[in-house]
Each structure stands twice: as structure tokens, then as C-alpha cells.
Q: 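Got a structure here, written out as C-alpha cells. Questions coming.
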Amino acid sequence: MNKPQILIVEDDNAVANLISATLETQDYAYKRAATGAGAVMEALSCKPDVVLLDLGLPDMDGVEIIKKIRSWSNMPIIVVSARSEDFDKVSALDAGADDYLTKPFSVDELLARLRVALRRVRYDGDRIGEESSTYENGDMRIDYSAGCVYISDVEIHLTPIEYKLLCLLAKNTGKVLTHNYILKEVWGSPTASDVSSLRVYMATLRRKLEKNSNGVQYIQTHVGIGYRMLRITNK
Ligand code: CA
């Protein structure tokens, strides 16, 4: 199999060197870009499997870069930002980024995020052209036409809103969805106060799923940001 190709977009040489060195030890291939314009060019020409995108670049706003890439590709984009840039992180996710890393991050964190992103690419790739009237993840199955959810073939009873939430997360497995995005998709027009009711719905939904799956965590909480459905591998 070909080595996964990672595009590192980072204007800080020290950080870029650290990431490159880490990727080399793990047998990833990589390309580097230090500007937004360079990033868009490399994304077009080398078609990386994952883009690691620093949000603080000299020439272009990170959200702009994401929008450009998203206009022609669904490739996973992991944004990298400083802790003080929480707002940027949320805008980046809303623009279509998959995930985020906060500086300083550990090598293990970086590799874990890359694995999640690559799993999404492989899974999406395998399913191209398939009918998607059902969704399967670990022991969970959603039958979209019947509107039913099962874990290990036992039906889980969800309220209509819980079901909508679950379907939205399922359709975006591997991606971090922001509170705002979820509220917009499920309730239409969100207001800030809705975040607390979203939290309540998500808590009961998670409880129902985890109670029936011996504690398997399908839904990951990102404090202050949103939620993500994880791809569960049965091994
Ligand atoms: Ca930077």
C-alpha cells in the first residue's frame, strides 16, 4: 500500500520540522507549504490524504483556505491553532474542517488525530457507489428507511430529536461538528441559549447508546466546541 500523504501547512519552521520528523518515523509521506497560497497549490497538485493546516498564516485567512479546498475536495483537514484562537477553531470547523489540534500538542495526539482522519478517508472510499439506506458503526446500525436504531440487533428507542442528532453525527462520522452547525441542521435557526438544551439532548442520547453497548463511546464531546461520532473498529 502507498504511504499516506500528509500536507503540512505551517509558517513556523521549528513546528513544521517537528511534525515532519514525527511523520517520517511513522512512515508517512509528506509535503510542506508555508503560505496559504502554497497550501492551496499543493492541495490541488499532490492531492494529500490529510491536510494539517496552521490557522495563523501570513498571507491568507485559514477559513479562506478551507473554503477553497472544500470547493473541490472532501479531503480531511485538521486545523492547528494556538489556545487563544478558540473562535478561529470554531469558524474553521464551520467552514468544513474535520478536526483541530491545539498548540502545543503531543506527538501521540497528532498521530491519533491523523489515524481518525485516515480512517474516514478509507471508509468513505470503500463506500463509494453503495446504497446508503443503512449505517453501520461497531455494533450500531441505523436503518434510515425505517427510522430505527439498533445496537447488537436490539432496538434503541430514541425521541425524534435524538434520532435526528444521531443521524447528523452518523453522516459526518469522524468529523467534529460545532454546536452551531448541529443547532442549525436540527433546529433550523439557533440562538446561543440553545447550546444548553443541545447538551441535555446529547447527554440522554449518549446514555442510551452507551447503556446498550457496554460503554462503547460512539459520541465524543469537545468542550466548548461540539461533538463527533467516532468510527468504531471491531477488533
Ligand atoms: Ca503560524
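Keep in mind that this is a model prediction, so the values were computed, not measured. In listed order, ligands and their atoms are each counted from 1.
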Q: Hey, could you give me each pair passing ring pair (Phe, Tyr, Trp, His ring centres under 6.0 Å) that has a residue in residues 25-82? Not counting sequence neighbours.
A: none
Q: Which N, O or S atom name in Asp11 marks its closest approach to the Ca ion (ligand 1)?
A: OD1
Q: For residues 44-53, which side-chain donor-acceptor pairs fall under 3.5 Å, sequence neighbours excluded?
A:
from, atom 1, to, atom 2, distance (Å)
Ser45, OG, Met41, O, 3.1
Lys47, NZ, Leu44, O, 3.3
Asp49, OD2, Gln5, N, 2.7

Q: Using 3.0 Å as the threshold, say whether any N, O or S atom from Asp54 sits that close to the Ca ion (ligand 1).
A: yes
Q: So does Gly56 have any N/O/S atom less than 3.0 Å away from the Ca ion (ligand 1)?
A: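 Gly56 does place an N, O or S atom closer than 3.0 Å to the Ca ion (ligand 1).
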Q: Check for me whether Arg113 meets the cation-pi criterion with Tyr100, that is, NZ or CZ under 6.0 Å from the six-membered ring centre and within 45 degrees of the ring axis.
A: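 Positive - Arg113 is close enough to the ring of Tyr100 and near enough to its axis.
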Q: Once the angle between the rings of Tyr135 and Tyr144 is folded into 0 to 90°, is it parallel (under 30°), tilted (30 to 60°) or perpendicular (over 60°)?
A: tilted
